[in-house]
Amino acid sequence: MTASTMIFANTLAMQYASRLDGEKLRRVAEAPSVADAMKMLGDYGYVCAGDVSIDSFVVAETDRLIAFIDEVSPSDKVREALTAPFWYNNVKLAYKSRFIQVPNDGYYQVGGEPDKIARGDYSDCDRYLEEALEELDENKEREPREIDLAITRAMYKLILSCGVRVIKKYFKKEIDLKNILSAARLRRMGQNRDEFIDGGTLKKETLMESLTVKNFGGCFLGTEYEDIAEDMEADEFRSLAKYESDADDHLFFLTDSLCAKMSTYEPFLNYYTRARVELKAMKTALVCVKTDARDVFFSRMPKIYD
């Protein structure tokens, strides 16, 4: 990979990230109907052809993100790491389709063929995924939560094997934030079990301890997550959807810089993070318009749009 390749990818990413800002997102959330909101998004450059559902719109826009990464990613390892969450989503749906009904429009255009997974053909899988699926088969696992957890754990093993320092740092932070949210959910339900993902910076012992100790936030003192953990505990773990949004903001600001480092992966990764936040924000806004719960959206609006 040459420096010019990296700069080209970063330049396109920075241009592509400029479609939506806070004012436009607020207008979408304040639209009188989903149809009106979709029309606005079409005016802003999104694909809103015909009478599409909210989920179909989000999948189509996710496919555009995947296609962009495939086309201009500065390296194969980066491409594989950044598209892994979407391919592994397909795998989860395909595996569960053996015994429950899954949405046909929930698959992204990425990776191998989901039908193969449904048939038990793992020839499109990396070694981490193949091992996880074979273990699920051996255990005759049918619990969706356990399937999702096993496949997610395999996904992060693949991503962290990419060998790109800034990518590994980013996803280690993502693992940490997912683990803290998992701990909070388990704490809210009064359950004590290991639903954590390996590979982050937080120790498994700390996460398990947080499920039972009196002071949840105290387990994360001295880490960059202490404010998030303390706020969740102060709220008695009632508003975890809000803190999921806070976690997305944390990842975005991790990659954001006043001075774009065009010879590194950081601008491309920053665009990727913004795009993922944007997809969630648009879906939340559209659902809140549909259900007339706009105040819920504004209480969870990502900080990147402030």
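All values derive from a computational prediction rather than experimental measurement. What you see below is based on every heavy atom in this structure, not just the backbone, and it leaves out hydrogens, waters and symmetry mates.
The hydrophobic cluster containing Ile180 also contains Phe253, counting ILVMFWY residues as joined when their side-chain heavy atoms lie under 4.5 angstrom apart, directly or transitively. Cluster membership check: Val213 does not share its hydrophobic cluster with Met189, using side-chain heavy-atom separations under 4.5 Å among Ile, Leu, Val, Met, Phe, Trp and Tyr.
The OG1 atom of Thr62 lies 11.0 Å from the CD atom of Gln109; values are rounded to the nearest 0.5 Å. The structure places CD of Glu80 at 8.5 Å from SG of Cys162, a figure rounded to the nearest 0.5 Å. One distance of note links CZ of Phe196 with CG of Leu207; it measures 5.0 Å at 0.5 Å rounding. Annotation: the span from Gln191 atom CD to Thr212 atom OG1 amounts to 14.0 Å, rounded to 0.5 Å. The CD1 atom of Ile228 sits 8.0 Å away from atom CG of Leu181, with the distance rounded to the nearest 0.5 Å. One distance of note links CZ of Arg127 with OG of Ser161; it measures 7.0 Å at 0.5 Å rounding.
In this structure, Ala118 and Ser97 approach most closely via the heavy-atom pair CB-OG, 3.7 Å. Minimum heavy-atom separation, Ser53 to Ser56: OG-OG, 2.9 Å. The two atoms that bring Ala285 and Leu25 nearest to each other are CB-CD1, 4.5 Å, heavy atoms only. Nearest heavy atom pair, residue Ala94 against residue Pro114, reads CB-O, 3.3 Å. Nearest heavy atoms, Gly218 versus Asn215: N-OD1, 3.0 Å. Nearest heavy atoms, Asn89 versus Gly106: ND2-O, 3.4 Å.
Of the charged side-chain nitrogens involved, none lies within less than 4.0 Å of a carboxylate oxygen, so that Glu205 and Lys203 do not count as a salt-bridged pair. Here Glu174 pairs with Arg276 in a salt bridge; the nearest charged N to carboxylate O distance falls below 4.0 Å. Between Arg98 and Asp137 there is a salt bridge, since a side-chain N of the basic residue sits under 4.0 Å from a carboxylate O of the acidic one. One finds no salt bridge joining Asp115 and Arg119 here, because no Lys/Arg side-chain nitrogen approaches an Asp/Glu carboxylate oxygen to under 4.0 Å. Salt bridge Arg300/Glu244: absent, no basic N to carboxylate O contact under 4.0 Å. Salt bridge present: Glu61 and Arg64 bring a charged side-chain N and a carboxylate O closer than 4.0 Å.
Geometric assessment of Arg294 against the ring of Phe298 yields a negative cation-pi assignment under the 6.0 Å and 45° thresholds. The cationic group of Lys24 lies under 6.0 Å from the six-membered ring centre of Tyr44 and within 45° of the ring axis, placing it in a cation-pi geometry.
Defined by atom type and a distance below 3.5 Å, a donor-acceptor pair is present between the side-chain atoms of Tyr46 and Glu278. In the model, Ser239 has a side-chain atom that pairs as donor or acceptor with a side-chain atom of Asp235 under 3.5 Å. Side-chain contact of Thr273 with Tyr170: a donor-acceptor pair under 3.5 Å is present, judged by distance alone. Neither side chain, Ser245 nor Lys280, offers a donor N or O lying under 3.5 Å from an acceptor on the other. No hydrogens or angles considered: nothing links the side chains of Tyr305 and Glu23 as a donor-acceptor pair under 3.5 Å. If you check the side chains of Tyr107 and Asp63, you find no donor sitting under 3.5 Å from an acceptor. Using modelled atom types, one finds a donor on one side chain and an acceptor on the other under 3.5 Å when comparing Asp176 with Tyr225.
No option in Thr201, Leu160, Ile159 other than Leu160 meets the side chain to side chain contact (heavy atoms under 4.5 Å, CB included) test with Ile175. Among Val166, Val164, Leu269, the single residue meeting the side chain to side chain contact (heavy atoms under 4.5 Å, CB included) criterion with Val78 is Val164. When each of Lys172, Arg153, Lys204 is tested with Asp198 by the rule salt bridge (charged side-chain N to carboxylate O under 4.0 Å, His left out), just one qualifies, namely Lys204.
The backbone N or O of Ile117 sits nowhere less than 3.5 Å from a side-chain atom of Tyr122 that would complete a donor-acceptor pair. Here the side chain of Glu141 pairs a donor or acceptor atom with the backbone of Glu143 at under 3.5 angstrom. Remark: the backbone N or O of Phe216 is paired with a side-chain donor or acceptor of Glu233 at under 3.5 angstrom. Side-chain atoms of Asp55 do not come within 3.5 Å of backbone N or O of Asp105 as any donor-acceptor pair. A donor-acceptor pair under 3.5 Å links the side-chain atoms of Glu226 to the main chain of Gly222, judged by distance alone. Formation of a donor-acceptor pair under 3.5 Å by the Asp249 side chain with backbone atoms of Lys303 is found in this model. A donor-acceptor pair under 3.5 Å is formed between the side chain of Ser33 and the backbone N or O of Asp36. Here the side chain of Ser73 pairs no donor or acceptor atom with the backbone of Asp70 at under 3.5 angstrom. Judged purely by atom type and a 3.5 angstrom limit, Glu195 has no side-chain atom pairing as donor or acceptor with the backbone of Leu149.
In the displayed structure, Arg193 atom CZ is contacted under 6.0 Å by more than 12 heavy atoms of other residues, nucleotides or ligands. Environment of CZ in Arg188: crowded, with over 12 heavy atoms of neighbouring residues, nucleotides or ligands closer than 6.0 Å. For Asn104, the CG atom counts as loosely surrounded, since its 6.0 Å shell holds 12 or fewer non-hydrogen atoms of other residues, nucleotides or ligands. Applying the 6.0 Å contact sphere to CD of Glu130 captures more than 12 heavy atoms from other residues, nucleotides or ligands. In this structure, Glu134 places its CD atom where more than 12 heavy-atom neighbours from other residues, nucleotides or ligands lie under 6.0 Å away.
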CA sep, side-chain torsions, deciding dist, call: Tyr88, Val110, side-chain contact (heavy atoms from CB on, under 4.5 Å): CA-CA 9 Å; Tyr88 274 68; Val110 62; over 6 Å; no
Step-by-step salt bridge (Lys or Arg N to Asp or Glu O under 4.0 Å) determination, Lys242 to Asp231: CA-CA 11 Å; Lys242 173 186 178 300; Asp231 287 348; 5.9 Å; no
side-chain contact (heavy atoms from CB on, under 4.5 Å) between Lys283 and Leu279, intermediate numbers included: CA-CA 6 Å; Lys283 181 174 182 178; Leu279 287 164; over 6 Å; no
side-chain contact (heavy atoms from CB on, under 4.5 Å) evaluation trace for Val296 with Thr284: CA-CA 9 Å; Val296 173; Thr284 303; 5.8 Å; no
From CA spacing to verdict: side-chain contact (heavy atoms from CB on, under 4.5 Å), Tyr108, Thr83: CA-CA 10 Å; Tyr108 303 120; Thr83 59; over 6 Å; no
Stepwise salt bridge (Lys or Arg N to Asp or Glu O under 4.0 Å) test for Asp76 and Arg79: CA-CA 5 Å; Asp76 291 340; Arg79 178 184 297 107; 2.4 Å; yes
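You'll find the side chain of Leu82 reaches within 4.5 Å of the side chain of Phe268, heavy atoms only. With a 4.5 Å cut-off on side-chain heavy atoms, Val91 and Trp87 count as touching. In this structure, the side chains of Glu230 and Leu221 come closer than 4.5 Å at one or more pairs of heavy atoms.
Between Tyr243 and Phe237, a ring centre-to-centre spacing not shorter than 6.0 Å is recorded.
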